[in-house]
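Read the structure below first, then the notes.
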Amino acid sequence: MANINTNYLKLPGSYLFTEIARRVADYSAQHPDKKLIRLGIGDVTQPLPAAVTAAMHAAVDEMASAKGFHGYGPEQGYDFLRSAIEAHDYRARGMDIRADEIFVSDGAKSDCGNIGDIFAQDNVVAVCDPVYPVYVDTNAMAGRAGDYDAQSGKWSNLVYMPCVAGNGFAPEIPRGKVDLIYLCFPNNPTGSVATRDQLKAWVDYANRVGAVILYDSAYEAFITNPDVPHSIFEIAGARTCAIEFRSFSKTAGFTGTRCAYTVVPKDLERGGASLNSLWNRRQCTKFNGVPYVVQRGAEAVYSPEGRAQVRETIAFYLNNAKVIRDGLQSAGLIVSGGTDSPYVWAHTPDGMDSWGFFDHLLQKANVVTTPGAGFGPSGEGYIRFTAFGGADDTAEAVERVKAVL
């Protein structure tokens with residue numbers, strides 16, 4: 001008889017966003033006349049930039065001829081895109097990141113989960129709390145998380161770093177030694193950002209104990225404060241202790257097109273092995289690469305036209321975030337985020353629990369949000385709003401929420 005990976009059986013219930021979709025579907029089936037406004041799952045609504053679609057059209061035309069046809073591409077990504085990423089996302093900001101340290105993929109979510117393939121099962125993993133569920137669930141699937149305790153909402157082998165109002169939603173460095181550290185800034189779900197001094201402390205700690213920082217900067221394009229770092233590699237010493245994940249999904253609308261990248265510096269070694277080489281081996285074995293047409297579209301993000309169009313889209317979403325933040329504050333809710341982030345993190349009113357407030361807003365305001373408890377124990381008592389809706393829908397949703405508070 002074939003044995004299964006019993007770690008999957010330890011996973012609680014369903015994936016957070018699957019449960020949200022189930023509740024929304026049940027409500028919609030019972031109330032088909034109700035117009036729902038979705039400010040929950042972080043999917044974008046604005047179309048791809050015109051420069052991107054033009055580049056994709058041209059790439060499709062190339063594929064229609066024998067001379068221009070592209071079959072299997074390099075698993076690491078085409079040189080034209082890796083070079084554009086190097087020049088614009090790193091060199092332009094003074095960072096020493098080279099094209100052969102950049103691996104193009106189909107999503108930051110995939111890479112954040114798959115990166116565990118190159119690490120041993122006995123590594124001690126530290127996660128922020130609240131946390132993007134993928135970091136926790138994929139380590140649980142791999143057997144690094146131990147056992148799940150439903151009462152506390154925690155896994156026995158994970159080190160939880162509370163990110164709460166009392167510490168400015170910023171994780172504190174563990175007192176003991178950990179091996180893998182997941183950080184996400186601007187943060188999902190709280191919308192908080194990290195200062196240079198805070199990141200420097202993490203880099204110094206990781207280098208001192210031999211840990212690896214797994215840094216998710218998928219939302220860096222939303223940073224407006226010039227003093228806030230966009231990358232962990234802006235911090236001296238990061239090349240020997242950090243891996244960075246980025247995505248074109250929220251930056252340029254690639255949620256339905258799928259393109260991202262991961263940076264693994266060649267200076268990063270553990271146990272005498274190059275993590276760049278290990279990740280390359282993993283990708284060559286398990287990944288066939290991102291389609292040529294999609295990568296040409298991603299390359300166009302860095303053209304003058306593409307960069308201007310992306311800035312317009314980011315400004316659109318940040319304005320939505322301001323509408324949400326200001327509206328919820330005027331209604332008396334305590335909120336954070338929404339300035340350097342597309343997420344607004346709101347404290348639930350009157351001691352209501354997260355799922356209770358989620359259901360209240362769904363049923364009374366017909367607005368879909370994300371309950372904070374789904375992001376971990378410290379997320380209880382909060383709810384997340386996303387700024388990725390349309391401008392009119394966002395404004396209407398805020399008025400609906402204000403009306404039922």
Side-chain angles (χ1 to χ4, degrees), residues 2-23 40-42 105-164 171-172 174 176-184 187-190 206 211-216 218 242-245 247 260 262 270 275 278-279 282-283 285-287 354-355 370-380 382 384:
N3 294 319
I4 63 169
N5 180 350
T6 57
N7 293 309
Y8 278 74
L9 302 180
K10 300 177 182 179
L11 295 170
S14 61
Y15 183 58
L16 168 62
F17 297 107
T18 303
E19 174 61 18
I20 291 173
R22 185 193 68 78
R23 295 194 185 203
I41 295 176
S105 74
D106 61 357
K109 178 180 180 179
S110 302
D111 288 354
C112 285
N114 292 331
I115 197 69
D117 285 4
I118 68 173
F119 294 106
Q121 186 175 350
D122 60 357
N123 280 293
V124 177
V125 179
V127 296
C128 294
D129 175 28
V131 63
Y132 182 40
V134 171
Y135 310 153
V136 172
D137 288 1
T138 53
N139 277 287
M141 292 169 179
R144 278 186 286 269
D147 296 315
Y148 182 72
D149 179 58
Q151 185 172 1
S152 68
K154 294 183 178 182
W155 291 85
S156 60
N157 290 353
L158 294 183
V159 175
Y160 288 82
M161 303 181 293
C163 300
V164 294
E172 298 173 4
K177 179 182 179 298
V178 299
D179 303 306
L180 301 176
I181 305 162
Y182 286 83
L183 297 178
C184 174
N187 185 259
N188 177 16
T190 68
V212 175
I213 297 171
L214 304 173
Y215 193 80
D216 186 348
I243 293 172
E244 182 162 279
F245 309 96
S247 173
T262 290
R270 291 295 181 269
L275 271 62
L278 293 180
W279 184 243
R282 189 269 173 204
Q283 293 298 83
T285 301
K286 293 189 175 184
F287 185 57
S354 296
W355 279 107
T370 308
F375 295 101
S378 292
E380 181 55 83
Y382 289 87
R384 190 192 75 173

Quick check: do [X] and [Y] have side-chain heavy atoms less than 4.5 Å from each other?
| X | Y | value |
| --- | --- | --- |
| Phe375 | Thr370 | yes |
| Leu183 | Pro171 | yes |
| Ile20 | Pro371 | yes |
| Tyr382 | Thr190 | no |

[atom1] of [X] to [atom2] of [Y]: how many Å apart, nearest 0.5 Å?
| X | Y | atom1 | atom2 | result |
| --- | --- | --- | --- | --- |
| Leu9 | Ile4 | CG | CD1 | 4.0 Å |
| Cys184 | Tyr215 | SG | OH | 8.0 Å |
| Cys128 | Asn187 | SG | CG | 6.0 Å |
| Leu275 | Ile243 | CG | CD1 | 5.0 Å |
| Leu214 | Phe119 | CG | CZ | 5.5 Å |
| Thr18 | Ile41 | OG1 | CD1 | 8.0 Å |

Practice task
State which residues pass salt bridge (charged side-chain N to carboxylate O under 4.0 Å, His left out) with Asp179; sequence neighbours excluded, sorted by chain then number.
Solution key: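 Only Lys177 meet the salt bridge (charged side-chain N to carboxylate O under 4.0 Å, His left out) criterion with Asp179.
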Exercise for the section: Please collect all side chain to side chain donor-acceptor pair (under 3.5 Å) contacts where either partner lies in residues 117-134, sequence neighbours excluded, each pair once. Expected result: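 Applying side chain to side chain donor-acceptor pair (under 3.5 Å) to every pair that reaches into residues 117-134, excluding sequence neighbours, yields Asp117-Arg282, Asp117-Lys286, Asp129-Ser378.
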Among residues at least two apart in sequence or on other chains, which ones pass side chain to side chain donor-acceptor pair (under 3.5 Å) with [X]?
| X | answer |
| --- | --- |
| Ser247 | Ser249 |
| Thr6 | none |
| Gln283 | none |
| Asn157 | none |

Practice task
Mind checking ring pair (Phe, Tyr, Trp, His ring centres under 6.0 Å) for Tyr182 and listing every partner two or more places apart, or none if nothing turns up?
Solution key: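 Tyr135.
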For the residue pair [X] and [Y], what are the closest heavy atoms and their distance?
| X | Y | value |
| --- | --- | --- |
| Cys112 | Asp216 | SG-OD2, 3.9 Å |
| Leu16 | Pro133 | CD2-CG, 4.1 Å |
| Leu11 | Ala140 | CD2-CB, 3.7 Å |
| Arg384 | Pro189 | CD-CB, 3.6 Å |
| Trp279 | Asn114 | CZ3-O, 3.6 Å |

Exercise for the section: Take Ser110 and Ser105 through the test side-chain contact (heavy atoms from CB on, under 4.5 Å) and record every step on the way to the result. Expected result: CA-CA 8 Å; Ser110 302; Ser105 74; 5.6 Å; no
Those residues that, when tested against [X], pass side chain to side chain contact (heavy atoms under 4.5 Å, CB included) (two or more places apart):
| X | answer |
| --- | --- |
| Val178 | Val124, Ala126, Val159, Pro174, Ile181, Tyr205 |
| Ala242 | Ile213, Ile232, Phe233, Ala238 |
| Pro12 | Tyr148, Trp155 |
| Glu19 | Ser14, Arg22, Arg23, Trp355 |

Practice task
Could you tell me whether a side-chain N or O of Asp111 sits under 3.5 Å from a main-chain N or O of Ala108, the two making a donor and an acceptor?
Solution key: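 No, Asp111 side chain to Ala108 backbone: no donor-acceptor pair under 3.5 Å.
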Handout entry: Side-chain (Glu172) to main-chain (Met161) donor-acceptor, under 3.5 angstrom
Key =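 Side chain of Glu172 to backbone of Met161, a donor-acceptor pair under 3.5 Å: no, none is there.
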Problem - Residue pairs involving residues 137-159 (criterion salt bridge (Lys or Arg N to Asp or Glu O under 4.0 Å); sequence neighbours excluded) - result: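 Pairs touching residues 137-159 that pass the test: Lys10-Asp147.
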